[in-house]
Amino acid sequence: MAKSERSAFEEVNKKVSQAGEILNLKSGLIDALQQCEREVVISIPLRHEKDIRVLTGYRVQHSSARGPRKGGIRFHQEVDLDEVRALASLMTWKTALIDVPFGGAKGGVAVDASTLTDIEKEEIIRRWTRQIVHVLGHQRDIPAPDMGTDAKTMAWLMDEFHRLEGFQPACVTGKPLELFGAPGREEATGRGVAMIAAATLEKHDKKVRGARVAIQGFGNVGRFAALACQELGFKVVAISDVTGGIAKREGIDVEELLSVKTLKEVPGYSHIAPHEVLEQKCEVLIPAALGGVINESNVEKIDCEFVVEGANQPTTFEADQELRKAGVIVVPDILANAGGVMGSYFEWTQNIQQFSWPIEKFRKELDARMAKAFADVFKEAKKHSVDLRTAAFVLAVRRVSDAFGLRGSLV
Ligand code: NAD
């Protein structure tokens, strides 16, 4: 995934080590906090055309120090054990950073979701659930959507779980509204990204109104981030999906794009390649698709003042250092895209209480808690004179190591 000399998991662990050193943690403790608690690898034989394809599925539970493990499930051809470990670990630090009572996990299936029929998708997620049901549950490990999966996938997962274990809607989040989903959850990640982008500009005495934004990805995160940015007064000047990108200096009408299938087909705009969106001149760049997209090969072409990481791990360690040298402020993934798991927390609590919130309450809580997380990270950055990513990891690692120690996790 990440075009770096380190693997994706090593990249996360490098940041955990740095934070642990700032906190003066023993090296053995840092090592313990970095390891994954449990890893499950399964095979999923799938009837395909006239043959059989065997897919590999994963669930990695990184930490339960602060609560049941929480994390999405991704269907993507580049999914492998290292990537799932990295993403599971990021969930541990993200949930600690925003102070919700969860640990970290992640799942995936190595398959190109765009090649699957709905029936195949349903069969895959049902098989995935059946094979690992013993480690799932609302007090153990709660999946959610990620790249290549959506609310419909979560409904099938929940249905399979119910068949095996009985009624427990809180066993998964990101469900459809008609099936115990929470109004506000679907937009939560993108909304959080936009809110954090606006707060970052304001903190640096920059105007939000008219500030140019370029967004890579027009899926769940990119789409809602683009809409919320437009609502906040930003000017969205470029967007891309896997098929291609569009750009317009005067600003793109995001709502107009909601009904199109692929951005490649949209008339009336300059067309660019999917990766070129990263090189557009703008104030705020939001990578909201794949990991490792800002790397040594293109970092010199990045032409923005702020990178707000909507995707997980979009910036490699080396590129991050280069951006900092160039004076670009990077708002890290574990803060910028944490609105999704914050929203999942609201859905989970509502399911457990069998009570639902109106969307206004959801948005108000989300905005207030994201603003608090943002303020906490800025305070930490000042305290240690470090960049925002290091500060976010210092705060998260401190909370997890405190919980780890207090509950007697060492044998
Ligand atoms: P998604 O599958 O809904 O959308 C992914 C988007 O990326 C699509 O528009 C796709 O066309 C585009 N894309 C794929 N490859 C591309 C490429 N090479 N160039 C340009 N665009 C490309 O996925 P999502 O849920 O929006 O997740 C996007 C990222 O955000 C992932 O890194 C994910 O881990 C992270 N994330 C998602 C959530 C969530 O709640 N969905 C929460 C936190 C973080």
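Along the sequence shown, the residues carry numbers beginning at 1. Counting convention: from 1, in listed order, for ligands and their atoms alike.
Near R185, meaning under 4.0 Å from one of its heavy atoms, ligand 1 places the atoms 40 (O). Of all the atoms in ligand 1, the ones that sit under 4.0 Å from a non-hydrogen atom of G148 are 2 (O). Heavy-atom contacts of D241 reach the following atoms of ligand 1: 9 (O), 11 (O), 20 (C), 21 (N), 22 (C) (cutoff under 4.0 Å). Near A289, the atoms of ligand 1 lying under 4.0 angstrom from a non-hydrogen atom of the residue are 7 (O), 12 (C), 13 (N), 21 (N), 22 (C), 28 (C), 29 (C), 31 (C), 32 (O). Residue A311 has at least one heavy-atom neighbour below 4.0 Å for each of these atoms of ligand 1: 29 (C), 30 (O), 32 (O), 35 (C). Heavy-atom contacts of Q216 reach the following atoms of ligand 1: 19 (N), 20 (C) (cutoff under 4.0 Å). Annotation for ligand 1: atoms under 4.0 Å from non-hydrogen atoms of G310 are 30 (O), 35 (C), 44 (C). Heavy-atom proximity to P274, at under 4.0 Å, picks out these atoms of ligand 1: 19 (N), 20 (C).
In terms of protein heavy-atom proximity, atom 4 (O) of ligand 1 is nearest to G219 CA, 3.2 Å. What sits closest to atom 14 (C) of ligand 1 on the protein, heavy atoms only, is V242 CB, 3.7 Å. Summary of contacts: the protein heavy atom closest to atom 9 (O) of ligand 1 is F218 N, 2.9 Å. Protein heavy atom in closest approach to atom 33 (C) of ligand 1: D146 OD1, 3.3 Å. Closest to atom 39 (C) of ligand 1, if we only count protein heavy atoms, is T189 OG1, 3.5 Å. With hydrogens left out, the protein atom closest to atom 27 (O) of ligand 1 is M147 CG, 3.6 Å, a heavy atom. From the protein, the heavy atom lying nearest to atom 28 (C) of ligand 1 is A288 O, 3.5 Å.
Note that R191 lies outside the cation-pi zone of F224, set by a 6.0 Å cut-off to the ring centre and a 45° limit from the axis. Figure legend: cation-pi geometry between K121 and F75 absent, as NZ or CZ is not positioned both under 6.0 Å from the six-membered ring centre and within 45° of its axis. At least one cation-pi condition fails for R69 and F102: the charged atom is not both under 6.0 angstrom from the six-membered ring centre and inside a 45 degree cone around its axis.
Taking distance alone, with nitrogen or oxygen atoms compared against 3.5 Å, R74 approaches ligand 1 more closely than that limit. Backbone and side-chain nitrogen or oxygen atoms of V221 are examined, and one is located within less than 3.5 angstrom of a nitrogen or oxygen of ligand 1. The shortest N or O to N or O distance between N220 and ligand 1 is under 3.5 Å. Between N337 and ligand 1, not a single N/O pair is under 3.5 Å apart. Considering backbone and side-chain N/O of L290, none are found under 3.5 Å from N/O of ligand 1. Taking distance alone, with nitrogen or oxygen atoms compared against 3.5 Å, S240 stays at or beyond that limit from ligand 1.
Screening Q61, K70, R38 for a side chain to side chain donor-acceptor pair (under 3.5 Å) with D141, the sole residue that qualifies is Q61.
Ring centroid separation for the pair F167 and F180 comes in under the 6.0 Å cut-off.
Salt-bridge annotation for R74 and E83: present, with a side-chain N of the basic residue lying under 4.0 Å from a carboxylate O of the acidic one. A salt bridge is defined here as a Lys NZ or Arg NE, NH1 or NH2 lying under 4.0 Å from an Asp or Glu carboxylate O, and R126 with E123 fails to meet this definition.
In this structure, T315 and E11 approach most closely via the heavy-atom pair O-OE1, 4.2 Å. Scanning all heavy atoms of the two residues, the minimum distance from K94 to D333 falls at CE-O, 4.2 Å.
Classified by interplanar angle (parallel below 30°, tilted 30° to 60°, perpendicular above 60°), the ring pair W93/H62 is perpendicular.
Distances shorter than 4.0 angstrom do not occur between any heavy atom of H275 and any atom of ligand 1.
In this structure, the separation between CZ on R59 and CD on Q131 is 14.5 Å, given to the nearest 0.5 Å.
Counted within 6.0 Å of CZ on R130, heavy atoms from surrounding residues, nucleotides or ligands total more than 12; the atom is thus considered enclosed.
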Requested in this report: Would you please test M158 and C171 for side-chain contact (heavy atoms from CB on, under 4.5 Å) and show each step?
Outcome: CA-CA 7 Å; M158 188 197 78; C171 71; 4.1 Å; yes
